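Here the structure is laid out as structure tokens; the discussion comes afterwards.
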Amino acid sequence: MTDSFSLEHLRFDIQKAHLAVLDQTLLPAQESWVRCTSVAAVAHAIVTMQVRGAPLIGVVAAYGLAIAAAQIKGGRDDFSAGIAAAAKLLAGTRPTAVNLFWAIDRMQRRASALGDLPAAERYQALADEAVTVHAEDVAMCRAIGQHGGELVQDGEVIMTHCNAGALATGGYGTALGVVRGAIAQGKRVRVIARETRPLHQGGRLTAWELARDGIDVTVIPDSAAAHLMRTGRVDRVVVGADRIAANGDTANKIGTYDLALVAHAHGIPLHVAAPYSTVDFTLPDGNLIPIEERSEMEMRQLGQAVLIPDNAAIWNPAFDVTPASLITSIITEAGVAEAPFGASLRRLLAAKIQ
Ligand code: MRU
């Protein structure tokens, strides 16, 4: 068995309270690291998508709160005000991925018991918590890979959208974790990555991380998926998620919904791979999931080249919601949930907690 995974893209220096992140806006042309020495720098890295992907945003936000704690030297009141301000800053970065709010909430709960400790001990406790959030995320991805890998048959072609890989998580990946899991189980797998306009996470990031691990990957224009499915060249679709409502409705990168409709029309199974930190049980369905809208400049220009004229309006929603009825299964670290997801997601979660 081989384990196709070697990427490191986050380095936390616990002594200096610094977080270095691989700048995903520059991949694949440049492997360049950004050093974040304040919570403002961490928030900036999330907003500008130097780091992106739902689970990774959560992990990075956890490190951001640890870095904030390192810079608060006063007593209990200063500490709680400083942590609240840092949490507010991070919570305002990106609205759709619920992992961000899950991680902030977890770190704030840990911080609430630390107010009376000396500053160095408060920092140490939050740094340890952030390292644990990171390690747990990698472990969850590996478990998702194991469960999802079992669904994959030898020789399959798997289509994916955006980047739900090592780069989008603490490491290993969710959708790409399923690919890695299947390969670790000895299966031959080929991946078709949709390029994922307008920021090209499929072409730039999924292709980069799979190719560097020696995994067979082909990039297609987003609009080619239906043609490939109609001509029998896709066996399975596996995507990640930014937020899953209690009934299984799933927000993911814009274009996932059309991919799900096309897969459904061709009888091709579509799986969502995500850890429980992506499930938002407070939302009964996907209608209330906030959908981020990003700058028109992401579409108007590519570097110096103008792609859309100044006098044309642009609308750039970053996510869409795929109804649960189009999803074959949701692969979590606790196992594979099937419809009706309201019951199966809760059942698996209960088994995980026991
Ligand atoms: O806007 P992005 O690049 O942060 O969007 C990422 C995605 O939509 C991913 O598919 C999703 O976060 C799942 S990541 C494991």
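All values derive from a computational prediction rather than experimental measurement. In listed order, ligands and their atoms are each counted from 1. Numbers for residues simply follow the sequence, beginning at 1.
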A student comparing Glu292, Arg52, Gln24, His161 should find that the heavy atom closest to atom 3 (O) of ligand 1 comes from Arg52

Indicate whether any N or O donor in one side chain lies under 3.5 Å from an N or O acceptor in the other, for Thr328 and His271.
-> no

Any idea how His134 and Tyr63 line up, ring-wise: parallel (<30°), tilted (30 to 60°), or perpendicular (>60°)?
-> perpendicular

Find all atoms of ligand 1 within a distance of less than 4.0 Å from any non-hydrogen atom belonging to Phe319, and give their numbers and elements.
-> 1 (O), 5 (O), 8 (O)

Heteroatom distance test (Gln201, ligand 1): nitrogen or oxygen, under 3.5 angstrom = yes

Number the atoms of ligand 1 from 1 as they appear, then name those within less than 4.0 Å of a heavy atom of Ala54, with their elements.
-> 12 (O), 14 (S)

Search all heavy atoms of Ala263 against all heavy atoms of Val237 and return the closest pair with its distance.
-> CB-CG2, 4.2 Å

Per-atom contacts of ligand 1 with Arg94, taking only distances under 4.0 Å to non-hydrogen atoms = 1 (O), 2 (P), 4 (O)

Flag Thr174 as yes when one of its N or O atoms lies below 3.5 Å from any N or O atom of ligand 1, and as no otherwise.
-> no

Considering the heavy atoms of Met49, write down every atom of ligand 1 situated less than 4.0 Å from one of them.
-> 1 (O), 2 (P), 3 (O)

Is Arg180 salt-bridged to Asp213, going by a charged N under 4.0 Å from an acidic O?
-> yes

Could you say whether the N/O atoms of Cys162 and ligand 1 ever approach to under 3.5 Å?
-> no

Enumerated ligand 1 atoms positioned under 4.0 Å from heavy atoms of Ala168 | 14 (S), 15 (C)

